[in-house]
2 protein chains.
Amino acid sequence: MLQGVLADRDAWSPVGECPIEKTMSAVGAKSSMLIMREAYYGTTRFDDFAKRVGITKAATSARLSELVNVGLLTKRRYQEPGQRARDEYVLTDVGVDFMPVVFAMFQWGREHLPNNRKLELTHLDCGADARVEVLCDNGHRVPLDELGMKLVRRSRAR
Amino acid sequence: MLQGVLADRDAWSPVGECPIEKTMSAVGAKSSMLIMREAYYGTTRFDDFAKRVGITKAATSARLSELVNVGLLTKRRYQEPGQRARDEYVLTDVGVDFMPVVFAMFQWGREHLPNNRKLELTHLDCGADARVEVLCDNGHRVPLDELGMKLVRRSRAR
DNA sequence: CGGGATCCCTAGCGATACTG
DNA sequence: CAGTATCGCTAGGGATCCCG
C-alpha cells in the first residue's frame, strides 16, 4: 500500500520542502486550530476568540497575527454607530480552504478519542450527514489504500 | 455562513471537550504529523522514521510511543532469517482514518504556501487526480459554506 | 473593547553519549 | 539496528498589569 511512491518521497523529505511540515510550522499551534474553528463559527472579534478558545489575550494576539500573516484571516476595521473604530478578524478564501484540515481533525477526534458529546457535520442544503473524504476527478470516492502521489513539474494556478 | 450553530458551539468550547483540541493535544506535534506521513509511505522502522522525518532518535522514540498509545500505530515484533528479533511500527485502522488530516494539510500547504516542488494525490485505480473534500450521505460535494453541525445525543459505533 | 509588556512554566526538539 | 539518558534551547501559553 502506497509503496510505489517511496522513491518520490525522498525528493522533499526531510529537508523542509514538505507541505505538511510547512503547514505545521505556519499554523500548527493548537490554539491556531481552535481560533480557526471559531472563525468558521463566525467569530470575528479579539475578545471573543480569547474567551471561546480559552487562551490569554497575549496568546490570542500572537496567534491572530500569525494567521493574518499567513493569510488565513484578514484584519478589518469597522465602526459601530456611536462607538469608536475597532478591529475584527475575518476569514479569507485561503482560510476557507483550510477547513478540511480542521474538520478532518474534528472528525477523527470525535470518532477515535473518548468523548461524551457528539457533533455531526451536515450538508445544510439537503440535511444529510457529511464527512471529509478523498475524491478523484472521475468522481470516485477514493479508499485510502488506493491513494497515491506523483510529482508534477511546475506550479499550477488554482 | 455557519452562524446557525453558534449556540451549539458553547456546548463544548472552551472547556476541553472539543475533538479538535483533543486531537491536537494527542497528536498535534509537528513531528507526529511527519511520522504519520512516513507511515503512509510504508515506513515501519525506527531509524527510517528518524532519518526521513529528520528528527533525533530521542524525539522519534517519544513521538512513536505517543502514536502507539493513541492507537495510530502498533508495535510489532518481527524476525528476519539470520537476524535477531526487531520492532517495527505499523499503521492501524485508526491510523488509516487519520489520513484525511495529513492529506488535507498536504493539500492546503501545497496550494497556499510558497514551494517549488509539486506533488499531486492520485486515485491509483483510475489514475485521476484526487483531493480532500467534504461529502454528504446523498453524494453531494459539500461547498464549505453549506456545511453545518448538529449535536446528536449519544455515541454511535462505527 | 482591543490590545502590548513582563515573568515564568512546560513541551517539543537537537546534540551527545551510552546500551543491548 | 533500536532504542534510553541527560542537557540545553526555543516556542507556546498562563498570569498579571497596564494602556488608549
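Residue numbers start from 1 in every chain, and the chains themselves are labelled A, B, ... in the order their sequence lines are given, proteins ahead of strands.
Note: CG (D47(A)) to C1' (dG3(C)) measures 8 Å, nearest angstrom. As rounded to whole Å, 5 Å separates atom C1' of dG3(C) from atom CZ of F46(A). Between the NZ atom of K51(B) and the C1' atom of dG14(C) there is a distance of 17 Å, given to the nearest Å. Regarding E88(B), its CD atom lies at a distance of 16 Å from the C1' atom of dG3(D), rounded to whole Å. At whole-Å resolution of the value, CD1 in I35(A) and P in dG3(C) are 12 Å apart. In this structure, M24(B) places its CE atom 11 Å from P of dG12(C), rounding to the nearest Å. In this structure, K57(B) places its NZ atom 13 Å from P of dC18(C), rounding to the nearest Å. Taking atom CE of M33(A) as the reference point, atom P of dG12(D) lies 13 Å away to the nearest angstrom.
Salt bridge status for R131(A) with E133(A): present, with a side-chain N to carboxylate O gap under 4.0 Å.
At the heavy-atom level, A62(A) lies nowhere under 4.0 Å from the strands shown. D87(B) comes within contact range of the sugar-phosphate backbone alone, with a heavy-atom separation under 4.0 Å but no base atom that close.
Between dA2(D) and Y78(B), a contact under 4.0 Å exists linking OP1 or OP2 to a side-chain N or O. The side chain of S61(B) contributes no N or O atom lying less than 4.0 Å from OP1 or OP2 of dG3(D). A close approach under 4.0 Å does occur between a side-chain nitrogen or oxygen of S31(A) and OP1 or OP2 of dG13(D). Not one side-chain nitrogen or oxygen of Y89(B) sits closer than 4.0 Å to the OP1 or OP2 atom of dC1(D). Between R63(A) and the phosphate of dG13(D), there is a side-chain N or O to OP1/OP2 separation shorter than 4.0 Å.
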N/O donor-acceptor pairs under 3.5 Å from side chains in residues 65-72 of chain A, not counting sequence neighbours:
| unit_1 | atom_1 | unit_2 | atom_2 | d |
| --- | --- | --- | --- | --- |
| S65(A) | OG | S61(A) | O | 2.9 |
| E66(A) | OE1 | R63(A) | NH1 | 3.1 |
| E66(A) | OE2 | R63(A) | NH1 | 2.4 |
| N69(A) | ND2 | S65(A) | O | 3.4 |

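Hydrophobic clustering, defined by side-chain heavy atoms of Ile, Leu, Val, Met, Phe, Trp and Tyr closer than 4.5 Å, groups L135(A) together with L135(B).
For V96(A) against Y40(A), the heavy-atom pair with the smallest separation is CA-CE2, 4.5 Å.
In this structure, of dC13(C), dG12(D), dG2(C), it is dC13(C) that holds the atom nearest to the side chain of I55(B). Distances were taken from every side-chain heavy atom of R86(B) (C-beta onward) to each of dG3(D), dC1(D), dG3(C); the shortest belongs to dC1(D). Set against dG12(D), dA15(D), dG12(C), the side chain of E66(B) has dG12(C) as its closest nucleotide. Among dA15(D), dG13(D), dG14(C), the nucleotide with an atom closest to any side-chain atom of A58(A) is dA15(D).
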After noting the C-alpha distance and the side-chain angles of H140(B) and D125(A), does the key distance pass the side chain to side chain donor-acceptor pair (under 3.5 Å) rule? CA-CA 10 Å; H140(B) 303 135; D125(A) 280 19; over 6 Å; no

